[in-house]
J.: 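Dropping a structure here in structure tokens format, bear with me for questions.
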Amino acid sequence: MNIGVIGGAGYVGLVTGLGFAELGHHVTSVDVNEERIKRLQSGQTPIHEEGLLPVLERNLGDGNIEFSTSFPDAVEGQDVVFIAVGTPAQDDGQADLSQVIEVAERLVDLMESYTVVVIKSTVPVGTVELVQSILNREKAEGMDFDIVSNPEFLREGKGMIDFFYPDRIVVGTRSERAREAMHELYRPLIAGNIAETTGRAPLPADIAPEERPVPLVETDLASAQMIKYASNAFLATRISFINEIARLCEEVDANINEVARGMGYDPRIGSSYLDAGLGFGGPCLEKDLKALIKIAEANDYEPRLLREVLGRNDQQVREVIGKVKELTGYLLYKKIVAVWGLAFKSGTNDVRNSLAFRVVEALEREGAEVQAHDPMALDEARALHPNIHYFDDPYEAAANADAVVLATDWPQYAELDFDEVKRRMARPAIVDGRNLLDRDMLMTEGFRYLSMGRA
Ligand code: UGA
């Protein structure tokens with residue numbers, strides 16, 4: 001099939017376009033970001049994703065994917081057009097739909113024959129209907145289209161793996177014709193036989209899970225959109241829940257790692273998303289949770305539980321700052337605090353909405369001097385927050401510090417030479433905001449050490 005992707009250099013759009021190209025479709029990915037499109041045309045990736053680069057190189061070489069900044073290229077002559085533009089949160093938490101609306105308005109004049117318009121962007125319930133009404137209002141005589149909501153569940157850093165080996169595919173539409181087109185598009189994924197269909201494994205064996213059939217959830221438009229919001233809100237709820245239990249563990253001298261381990265064996269609970277720590281950051285969970293709260297408000301419903309999930313998350317930064325004060329003697333004025341880890345989670349260079357920066361800002365508000373390090377996200381961090389002292393080396397970041405705060409769970413921090421860290425610091429004190437480090441070893445080394453829910 002011929003596929004156009006609008007927002008094709010963004011995170012979701014790029015992974016989606018490359019995924020379909022690898023499945024043998026012809027993909028045209030369009031984006032307004034000229035610099036990113038130029039890089040992609042020359043075979044460079046603007047984002048860090050496991051397994052992405054070989055898929056990009058292969059499909060550029062085969063001519064299965066083209067990148068362009070010209071909007072009509074994504075629509076003219078395409079069977080399916082994916083809308084994967086951003087829906088950033090506005091100040092009040094509501095999703096900003098201006099890019100989606102603009103795309104819908106421009107799409108309409110460019111469709112040449114029957115087109116399936118697929119909304120990939122995470123949009124509040126009702127937006128798909130809004131896009132449909134824009135298209136209906138503007139469409140030329142005889143032009144035919146259908147709308148589909150096909151939410152994504154990609155985790156950053158693992159996006160290619162999640163594309164090829166999803167846990168489920170959700171397709172919401174009223175149209176039988178569009179349903180069939182989507183089934184056709186995703187056929188090898190649904191059947192779990194990508195290698196058999198395309199003649200090659202899309203990802204190297206060391207990162208690819210075993211192929212297996214994938215459930216296809218065919219449903220109505222509103223339910224498809226709610227599945228996405230409810231899934232992210234549920235993950236956020238698990239994290240806030242375990243953080244609440246972690247706080248209680250501190251009161252009763254229990255260890256949250258042990259508690260989560262013991263809970264996780266129950267198949268009704270499961271062990272994922274039970275890592276206590278600084279909380280959930282990044283571009284998705286908080287944004288979608290806030291948007292869901294707005295959806296509830298717009299429907300005159302008071303979403304008390306969702307608000308508490310958000311509130312608990314905001315509390316985590318304060319907990320960490322409290323621990324820094326506990327170790328440094330409460331007055332942070334003129335104290336030097338090193339922050340290790342700026343990406344919103346390990347394995348990515350994405351610093352958008354990273355809680356590490358809320359820690360940095362809170363420390364600075366109290367008059368502390370911050371020295372920050374990240375193994376992968378320093379350029380991105382500098383671009384977003386130019387006024388922090390950045391270091392390429394975690395030991396240098398810790399030099400003369402009164403405390404270190406570990407804010408991102410990069411495994412390499414656990415491998416550092418803590419003798420050396422101790423030598424460099426003014427006073428050996430660590431707040432482990434991700435429960436990553438070896439507490440017993442650090443205490444034996446003479447560090448004052450606090451973590452999250454590990455009494
Ligand atoms: C999340 C979802 O996991 C994806 O399924 C979804 O597609 C994506 O949002 C999206 O809507 O686009 P992502 O934002 O990449 O993916 O991040 P996660 O891996 O879910 O982590 C989010 C945050 O929660 C990170 O700050 C992480 O450190 C934190 N976290 C995660 C915890 O504090 N504890 C845990 O147990 C797990």
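Ligands are counted one by one from 1 in listed order, and the atoms in each one are counted from 1 as well.
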J.: Is the distance between the ring centroids of Tyr413 and Phe418 under 6.0 Å?
T.: no
J.: I'd like to know if the side chain of Asn313 pairs up with that of Glu286 as donor and acceptor (distance under 3.5 Å, no hydrogens or angles considered).
T.: no
J.: Have Arg318 and Gln315 got a donor and an acceptor in their side chains that come within less than 3.5 Å?
T.: yes
J.: Taking only heavy atoms of the protein into account, state which residues are under 4.0 angstrom from an atom of ligand 1, in chain and number order.
T.: Glu152, Phe153, Leu154, Arg155, Glu156, Lys228, Asn232, Leu235, Ile239, Tyr273, Leu274, Asp275, Gly279, Phe280, Gly281, Cys284, Leu285, Asp288, Phe344, Lys345, Arg434
J.: Are a donor atom and an acceptor atom from the side chains of Glu211 and Asn193 found within less than 3.5 Å of each other?
T.: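 Absent: no donor and acceptor within the cut-off.
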J.: Regarding Arg238 and the six-membered ring of Tyr273, is the cationic atom NZ or CZ under 6.0 Å from the ring centre and inside 45° of its axis?
T.: no
J.: Will you find, in the side chains of Asp350 and Tyr11, an N or O donor that is under 3.5 Å from an N or O acceptor?
T.: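 No donor-acceptor contact under 3.5 Å links the two side chains.
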